[in-house]
Protein chains: 2
Amino acid sequence: MPKKKPALPRPTDTELRLLNVLWHHGPSTVREVWTHLGSDVGYTTVLKLLQIMREKGLVLRDEQATSHVYAAALSETETQTDLVGGFIDRVFGGSASRLVLHALGSKSVSPKELKAIRELLDQAEHDGK
Amino acid sequence: MPKKKPALPRPTDTELRLLNVLWHHGPSTVREVWTHLGSDVGYTTVLKLLQIMREKGLVLRDEQATSHVYAAALSETETQTDLVGGFIDRVFGGSASRLVLHALGSKSVSPKELKAIRELLDQAEHDGK
DNA sequence: AGGGGTAAACGAAGATCTTCGTAGCCGTGG
DNA sequence: CCACGGCTACGAAGATCTTCGTTTACCCCT
């Protein structure tokens, strides 16, 4: 069985924005992250956030180059799975289906998405379990 | 068209616990909420929390009786819809179907739930949009 | 009237988050 | 060789959250 992970702290909303940059652009320097973020935060703010996120284990950093390169510790998918799990527990008392109900209701879901979801269902059902 | 609401602040995890009590037990006094919460927080902590939540508009209070009675400002369903909407935006870039994918993966979903979800889909498709 | 019990209100402390100014380091161009 | 630009590190401020001790108000019973 898979070794149990130490379990990282849940990223804050702001941290999530930085992680999104790292996921979509790959390992990046502070300046790169800062640039992709638009100009609503200062450079040193981004630096500090990344330093703290590193202490928390949310990101890793390569110090080879003069400008350190940061990378997300967990993939976007892994993080999403973690977040969804906690969210279901906190907000829906553990019921995934109730979450889906609201997911379908809160945002208008395109027919295309409906189709995709339906396929997921077929898939899930087929896997048994 | 429906009047736009002022939009309440997103409740914190702790506030969500209190709201859950109010939703499941109906309007309650501080003592009642405190009791249902188990003994991991002090009475005055619960009181303070409810006072602040009131300032935020998350709960309403009836001051008729000596012991004030607090009630959730929004129903559980309304709150869940709000939270899911924001969650989809923050974590899944607005894609509801990606949320559903993870919802089906993060927790094991019973066949019963799968069936329920499928019905929701039919429903959603029927409503068009 | 006095005393006990329960409730709300207040205030403050400690934790975490987000923000950024400032200082120190280092390589490069002039 | 030294100033400059870009980088990391540090520290601190202000906001919000969570916690509770203490105080104040009210009511009822004797």
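Lettering of chains follows the sequences in order, A, B, ..., and the numbering in each one begins at 1. For clarity, every value in this text was computed on a predicted model and none was experimentally measured.
At least one donor-acceptor pair under 3.5 Å links the side chain of B/Ser28 to the backbone N or O of B/Gly26. Judged by distance alone, the side chain of A/Glu78 and the main-chain N or O of A/Ser75 form a donor-acceptor pair under 3.5 Å.
When all heavy atoms of B/Leu8 and B/Ala73 are compared, the closest pair comes out as CD1-CB, 4.3 Å. Listed here is the closest heavy atom pair of A/Glu32 and A/Pro27: OE1-O, 4.2 Å. The shortest heavy-atom contact between B/Leu16 and B/Pro11 is CD1-CG, 4.2 Å.
A parallel orientation is assigned to the rings of B/His25 and B/His36, their planes being inclined by less than 30° (bins at 30° and 60°). Aromatic ring pairs are classed by plane angle as parallel below 30°, tilted from 30° to 60° and perpendicular above 60°; the pair A/Phe92 and A/His102 is tilted.
Put simply, CE on A/Met53 is 15 Å from P on D/dT8, counting in whole angstrom units. For the pair A/Arg61 CZ and D/dT8 C1', the computed distance is 8 Å after rounding to whole Å. Here D/dG11 presents its P atom at 12 Å from CD of A/Glu55, a figure rounded to the nearest Å.
Distances shown here put every side-chain N or O of B/Gln51 at or beyond 4.0 Å from the OP1 or OP2 atom of C/dA8.
Under the 4.0 Å criterion applied to side-chain N and carboxylate O atoms, B/Arg54 and B/Glu15 are not assigned as salt-bridge partners.
Side chains of B/Thr77 and B/Gln80: a donor-acceptor N/O pair is absent below 3.5 angstrom, by distance only. When only modelled atom types and interatomic distance are considered, B/Thr79 and B/Glu76 share no side-chain donor-acceptor pair under 3.5 Å.
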Protein-to-nucleotide contact annotation, 5' to 3' order, nucleotides 11-24 of chain C [B base; S sugar-phosphate only; - none; under 4.0 Å, heavy atom]: BB----SBBBBB--

Dot-bracket pairing map - DNA chain D, Watson-Crick plus G-U, both contacts under 3.5 Å, | cross-strand: ||||||||||||||||||||||||||||||

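Listed in residue order, the members of residues 23-34 of chain A having a heavy atom less than 4.0 Å from DNA chain D are A/Val30, A/Arg31.
Around atom CD of B/Glu63, more than 12 heavy atoms belonging to other residues, nucleotides or ligands sit under 6.0 Å away.
With C/dA8, D/dC7, D/dA9 as the candidates, the nucleotide lying closest to the side chain of B/His68 is C/dA8.
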